[in-house]
There are 2 protein chains.
Amino acid sequence: MKHHPIVPRERILDTALRLFHEQGYHATGINQIISEAGVAKASLYLHFKSKEELGIEYLNARQDLWFTQLRLFTDAEKKTRKKILAAFDFLAYVNENEHFRGCSFLNMLSEIRPDNYALLTSIQNHKQELRQFFTDILGEQKNDAADIVYMLFESAATESQLFKNQWPIEKAKQAVSDLCKLKYIK
Amino acid sequence: MKHHPIVPRERILDTALRLFHEQGYHATGINQIISEAGVAKASLYLHFKSKEELGIEYLNARQDLWFTQLRLFTDAEKKTRKKILAAFDFLAYVNENEHFRGCSFLNMLSEIRPDNYALLTSIQNHKQELRQFFTDILGEQKNDAADIVYMLFESAATESQLFKNQWPIEKAKQAVSDLCKLKYIK
DNA sequence: TTCAATAAATAGACTGGTCTGTATGTTTAA
DNA sequence: TTAAACATACAGACCAGTCTATTTATTGAA
């Protein structure tokens, strides 16, 4: 034994979490994962029956990590408006930390075929939870304010990845502020 | 000769246009392209020096096709508000025709590494032109109305791909209408 | 208009590499 | 003693890209 501080399964998952996000799902091979995780190939297939299953577990792990960090930002605020703005600040924080690699789930969406229901469902569930997150903050409003904020949030993530710049987040925040003043968002 | 109605280079590009969009860039191999285009491998490498160059030409061709079709929708309208809404109708039309495969450029963005400047620049140029398209319609407004519309447009495309449903487009259209009534968009 | 020269397109073998996944046998830890 | 983890070779498929050799099409000149 190499006296690793964490068990092989977690080393694999941690490495997949990093590599899939940095390089993409298809661009990352099993061999690179086991090499950087310091794990034998047979060990990987002992814990995950295929690369796709590892992909699903990757999304599950990312889901937990991502929402936990998001809530660290939003829970610190009390007012509705400030909670929303804090969510956008979280996006900017992630961009800085992860070099504008964007959303793991949307990146995966672009890589899979539409008939890959296993992965597609994981992605949809994550986004459904994010929609619910904004609905919980804003409540059900006739004008679908929560979904408008959700869509601004999503494009802020995508467009900042695309332009490698935080301006889409700043513009989205400004729009949210304006819409609050106009009482479109309450 | 097989009496093909169009020359090999166009057959390759047409096939790439279809396959890259349907299956993704990495998931589509050169062999499938030449096979479905009815072209010899040496012919492909006669017209394109690498797969990446074909990828760039693919984006260029998509850019022309996409904007031409978009303008067919928007040019038919005279009022600012109706022009914008027509752009969203174009999105819904594309979703129907292409089975909710989303935006070719954003899909490519998710597949490439951030240091692939050749492809990244093509993608950025396309989106920059789209931003300009909305700015041309809406004019320069203090509140960045054009960029807000741009961001709603982008997420409408992405989210309808994700949920395989037109609701994000409908909600974005409703938001645009509301913002017009509130004089946020003029 | 015919014919030779040139260019374009063809088929397909081949290289060297990567991919996911399996199988074998050994070592370590519980 | 049992199970987990190890290293590593291997299979079979696919990848991008090169090369050879042949056939087809075009073009220019006599």
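In what follows, chains are A, B, ... by sequence order, proteins preceding strands, each numbered from 1.
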Original post:
Starting at OH of B:Tyr45 and ending at C1' of C:dG12, how long is that distance when rounded to a whole Å?
Top reply: 15 Å

**OP:** Provide the closest heavy-atom pair for B:Leu162 versus A:Leu106 in the form atom of the first, atom of the second, distance.
**Re:** CD2-CD2, 4.2 Å

Subject >> From CA spacing to verdict: salt bridge (Lys or Arg N to Asp or Glu O under 4.0 Å), A:Glu52, A:Arg113 >> reply: CA-CA 13 Å; A:Glu52 180 170 327; A:Arg113 289 197 163 78; over 6 Å; no

Original post:
Quick one: A:Lys51 NZ to D:dC14 P, roughly how many Å, whole number?
Top reply: 16 Å

**OP:** Starting at atom CD1 of A:Ile34, determine the distance to atom C1' of D:dA7, rounded to an integer number of angstrom.
**Re:** 10 Å

Original post:
B:Leu54 CG to D:dC15 C1': how many Å, rounded?
Top reply: 15 Å

**OP:** Can you figure out which of C:dA9, D:dC6, C:dT22 approaches the side chain of B:Ser43 most closely?
**Re:** C:dA9

Subject >> Touch class at under 4.0 angstrom, heavy-atom based, for A:His26 against every strand present >> reply: nothing

Original post:
C:dC19, C:dT10, D:dC6: which one has an atom nearest the side-chain heavy atoms of B:Arg11?
Top reply: C:dT10

Original post:
C:dA8 phosphate, OP1 or OP2: any side-chain N/O from B:His47 under 4.0 angstrom?
Top reply: no

Original post:
When the nearest nucleotide of DNA chain C is assigned to B:Lys41 and to B:Arg9 on a heavy-atom basis, which residue is associated with the more 5' position?
Top reply: B:Arg9

Original post:
Counting side-chain heavy atoms from CB outward, which of C:dT10, D:dC6, D:dA16 is closest to B:Pro8?
Top reply: C:dT10

Original post:
Base, sugar-phosphate, or nothing: which does B:Thr28 touch, judged by heavy atoms less than 4.0 Å apart?
Top reply: sugar-phosphate

Original post:
For A:Glu111 and C:dC19, what is the distance between atoms CD and P respectively, to the nearest whole Å?
Top reply: 14 Å

Subject >> Rounded interatomic separation in angstrom, taking CD1 from B:Ile12 and P from C:dA9 >> reply: 9 Å

Subject >> Length of the CG-P vector between A:Asn31 and D:dT8, whole Å >> reply: 13 Å

Original post:
Quick one: A:Phe48 CZ to C:dT20 C1', roughly how many Å, whole number?
Top reply: 16 Å

Original post:
Do you see a donor-acceptor pair shorter than 3.5 Å between the side chains of A:His21 and A:Glu98?
Top reply: yes

Original post:
Taking the six-membered ring of A:Tyr25, is NZ or CZ of A:Lys51 closer than 6.0 Å to its centre and within 45° of its axis?
Top reply: yes

Original post:
Which listed nucleotide (D:dA5, C:dA8, C:dT24) is nearest to the side chain of A:Leu46?
Top reply: D:dA5

**OP:** Classify the ring geometry between B:Phe20 and B:Tyr58 as parallel (under 30°), tilted (30 to 60°) or perpendicular (over 60°).
**Re:** perpendicular

